[in-house]
**Student:** 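Input: one structure, supplied below.
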Amino acid sequence: MAPGGTGPILGLDHVILAVPRLDAAVAAYELLFERGPAVRGESRARFALANVGLVLTEGEAPTGLAFAVTEAGSALRLLERRGLRGSPAQPRQEAQAWPLDPAAARGLHFRLTAAGPAGDAASAIRLDHAVIRSADPERTLALLGGRLGLDLRLDRSNPDWGTRLLFFRCGDLVIEVSHDLKSGIGDGPDSLWGLTWRVPDVAASHARLGAAGFSVSPLRTGRKPGTRLFTLRGDAAGLPTAFIGA
């Protein structure tokens, strides 16, 4: 996991997804990923994908992102100097985690965790990008680029889409920031809005999930040349979720 910018962040270790019922969420993701959780407890389950983990929590932690760092103490001191306060470590099933103050992170729930093997190379599914919706993209740019030190790779506004998009490299994936141009600049908090998973054969995944009972959109051409994608309809995945591939 290589650093993605000038800050302490090595990459994204895992996504935390708060769910109302753990059993139902685990059953859905077992079908989505064609594998069971690597770790399962009473209120938490962790799936290990190719490059990240997905942690489902019932009544325990808010939806958010956990970033890997080499040494938590020095990372926390650097982020404190940049205006991102940390909290005492919270023990988890997999490792300790140090939450960052959401009030200083535009309402987003970020945490730091010790660098380690985030995923499972045996999995064919990897996280392509996570999407943050922002009412004020300049402030989110300052948060992700200036404070966390992630590498800004793209900043583009497209009137046809009605959206401004900012892409930040984070290890081997992308954190995408999306801003609705028509709504203008607002004071509301940011939110982790969606996940896009990369699969080897997107047409096969589309057919398999449709046959398994998921409501899926038609396959469509992706913005990146040579890709196609589809989305899951409804709330089975807990967040807006898409699958992309060749």
**Student:** If you round to the nearest 0.5 Å, how far is CZ of Arg133 from CD of Glu176?
**Tutor:** 10.0 Å
**Student:** Just checking, any donor-acceptor pair under 3.5 angstrom between side chains of Thr113 and Asp13?
**Tutor:** no
**Student:** Against Arg126, only a single residue in Leu49, Val199, Asp172 fulfils side chain to side chain contact (heavy atoms under 4.5 Å, CB included); can you say which?
**Tutor:** Asp172
**Student:** Would you confirm whether Arg111, through its side chain, and Ala66, through its main-chain N or O, come within 3.5 Å as a donor-acceptor pair?
**Tutor:**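 No, Arg111 side chain to Ala66 backbone: no donor-acceptor pair under 3.5 Å.
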**Student:** At their closest point, which heavy atom of His109 faces which heavy atom of Pro62, and how far apart are they?
**Tutor:** ND1-CG, 3.3 Å
**Student:** Within a strict 4.5 Å, meaning less than it, do heavy atoms of the Val15 and Leu192 side chains meet?
**Tutor:** yes
**Student:** Could you give me the CA-CA distance, side-chain angles and deciding distance for Trp98 and Val69, then say whether side chain to side chain contact (heavy atoms under 4.5 Å, CB included) is met?
**Tutor:** CA-CA 11 Å; Trp98 289 263; Val69 295; over 6 Å; no
**Student:** With sequence neighbours left out, write down each residue that passes side chain to side chain contact (heavy atoms under 4.5 Å, CB included) with Ala204, or none if nothing qualifies.
**Tutor:**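 Ala204: side chain to side chain contact (heavy atoms under 4.5 Å, CB included) contacts with Asp201.
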**Student:** Starting from Trp197, can I reach Leu219 by hopping between I/L/V/M/F/W/Y residues whose side chains sit under 4.5 Å apart?
**Tutor:**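 Result: yes, single cluster for both.
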**Student:** Grab the two heavy atoms, one from Asp180 and one from Ser183, that are nearest each other, plus how far apart they are.
**Tutor:**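 Scanning both residues completely, I find the closest heavy atoms to be O-OG, 2.8 Å.
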**Student:** Going by atom types only, do His179 and Ser134 share a side-chain donor-acceptor pair under 3.5 Å?
**Tutor:** no
**Student:** Leu166 and Val174: same hydrophobic cluster, using ILVMFWY side-chain contacts below 4.5 Å?
**Tutor:** no
**Student:** Evaluate side chain to side chain contact (heavy atoms under 4.5 Å, CB included) for Glu34 paired with Arg208, printing each intermediate quantity in order.
**Tutor:** CA-CA 10 Å; Glu34 293 189 284; Arg208 179 180 65 81; 3.2 Å; yes
**Student:** Side chain to side chain contact (heavy atoms under 4.5 Å, CB included) between Leu148 and Leu84: does it pass, once the steps are laid out?
**Tutor:** CA-CA 9 Å; Leu148 289 183; Leu84 269 179; 3.8 Å; yes
**Student:** Are the side chains of Pro8 and Phe67 in contact, using a 4.5 Å heavy-atom criterion?
**Tutor:** no
**Student:** Is there a side-chain contact between Leu108 and Leu65 (heavy atoms, below 4.5 Å)?
**Tutor:** no
**Student:** If you look at every heavy atom in Ala135 and Asp190, which pair is closest and at what distance?
**Tutor:**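 Taking every non-hydrogen atom into account, N-OD1, 3.7 Å.
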**Student:** Listed by chain and number, what are the salt bridge (Lys or Arg N to Asp or Glu O under 4.0 Å) partners of Arg198, not counting sequence neighbours?
**Tutor:** Asp128
**Student:** More than 12 foreign heavy atoms under 6.0 Å from CZ of Arg220: is that the case here?
**Tutor:** yes
**Student:** Would you say Pro137 and Ile185 make side-chain contact, with heavy atoms under 4.5 Å?
**Tutor:** yes
**Student:** Starting from Leu143, can I reach Leu152 by hopping between I/L/V/M/F/W/Y residues whose side chains sit under 4.5 Å apart?
**Tutor:** yes
**Student:** Start with the C-alpha gap between Arg169 and Asp151, add the side-chain angles, then the distance that decides, and say whether salt bridge (charged side-chain N to carboxylate O under 4.0 Å, His left out) holds.
**Tutor:** CA-CA 5 Å; Arg169 174 59 60 179; Asp151 185 10; over 6 Å; no
**Student:** Hey, does the side chain of His14 reach the backbone of Ala68 with a donor-acceptor pair shorter than 3.5 angstrom?
**Tutor:** no
**Student:** Using 0.5 Å steps for rounding, measure from the CZ atom of Arg82 to the CZ atom of Arg77.
**Tutor:** 14.0 Å
**Student:** State whether a side-chain donor-acceptor pair under 3.5 Å links Thr163 with Ser178.
**Tutor:**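 No, because no side-chain N or O of Thr163 sits under 3.5 Å from a partner of the opposite role on Ser178.
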**Student:** Mind listing the closest non-hydrogen atom pair of Ala18 and Ala61 along with its distance?
**Tutor:**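 Closest approach of Ala18 to Ala61, heavy atoms only: CB-O, 3.4 Å.
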**Student:** Any donor and acceptor pair, going by atom type alone, linking the side chain of Ser217 with main-chain N or O of Thr231 inside 3.5 Å?
**Tutor:**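 Judged by distance alone, yes, a pair lies under 3.5 Å.
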**Student:** Answer yes or no: is there an ion pair linking Arg40 with Asp23, defined by an N-O contact shorter than 4.0 Å?
**Tutor:**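 Here Arg40 pairs with Asp23 in a salt bridge, since their nearest N and O are under 4.0 Å apart.
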**Student:** Is it true that Ile244 and Phe167 fall in one hydrophobic cluster, defined by side-chain heavy atoms closer than 4.5 Å?
**Tutor:** no
**Student:** Which pair of non-hydrogen atoms, one from Cys170 and one from Leu150, has the smallest distance, and what is that distance?
**Tutor:** SG-CD2, 4.2 Å
**Student:** Starting at CG of Leu141, measure out to CG of Asp136 and round the result to the nearest 0.5 Å.
**Tutor:**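 Those atoms lie 10.0 Å apart.
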**Student:** Does any non-hydrogen side-chain atom of Thr140 lie less than 4.5 Å from one of Phe168?
**Tutor:** no
**Student:** Just do the side chain to side chain contact (heavy atoms under 4.5 Å, CB included) check on Leu165 and Asn158 with the steps written out, would you?
**Tutor:** CA-CA 8 Å; Leu165 297 176; Asn158 191 318; over 6 Å; no
**Student:** Between CZ of Phe110 and CG of Leu100, what distance do you get to the nearest 0.5 Å?
**Tutor:** 8.0 Å
**Student:** Determine whether Phe33 and Leu173 fall in the same hydrophobic cluster, where Ile, Leu, Val, Met, Phe, Trp and Tyr are linked whenever their side-chain heavy atoms lie under 4.5 Å apart.
**Tutor:** yes
**Student:** Are side-chain heavy atoms of Ile132 and Arg106 found at a separation under 4.5 Å?
**Tutor:**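 The answer is no; the side chains never approach within 4.5 Å.
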**Student:** Enter the distance from Leu239:CG to Leu232:CG here, rounded to the nearest 0.5 Å.
**Tutor:** 11.0 Å
**Student:** Sequence neighbours excluded, which residues qualify as salt bridge (Lys or Arg N to Asp or Glu O under 4.0 Å) partners of Asp155?
**Tutor:**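 By the salt bridge (Lys or Arg N to Asp or Glu O under 4.0 Å) rule, Asp155 matches Arg164.
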**Student:** If I compare all heavy atoms of Ala75 with all of Leu112, which pair ends up nearest, and what's the gap?
**Tutor:**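 Scanning both residues, the minimum pair turns out to be CB-CD1, 4.0 Å.
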**Student:** Quick check for you: to the nearest 0.5 Å, what is the distance between Lys224 atom NZ and Leu229 atom CG?
**Tutor:** 11.5 Å
**Student:** Looking at Val55, Thr57, Leu56, which hits side chain to side chain contact (heavy atoms under 4.5 Å, CB included) with Arg46?
**Tutor:** Val55
**Student:** Give me the ring orientation class for Phe47 and Tyr29: parallel if the planes are under 30° apart, tilted from 30 to 60°, perpendicular past 60°.
**Tutor:**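 Taking Tyr29 first and then Phe47, their aromatic rings sit tilted (interplane angle of 30° to 60°).
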**Student:** Quick one, Arg223 and Trp161 - any side-chain contact, counting heavy atoms below 4.5 Å?
**Tutor:** yes
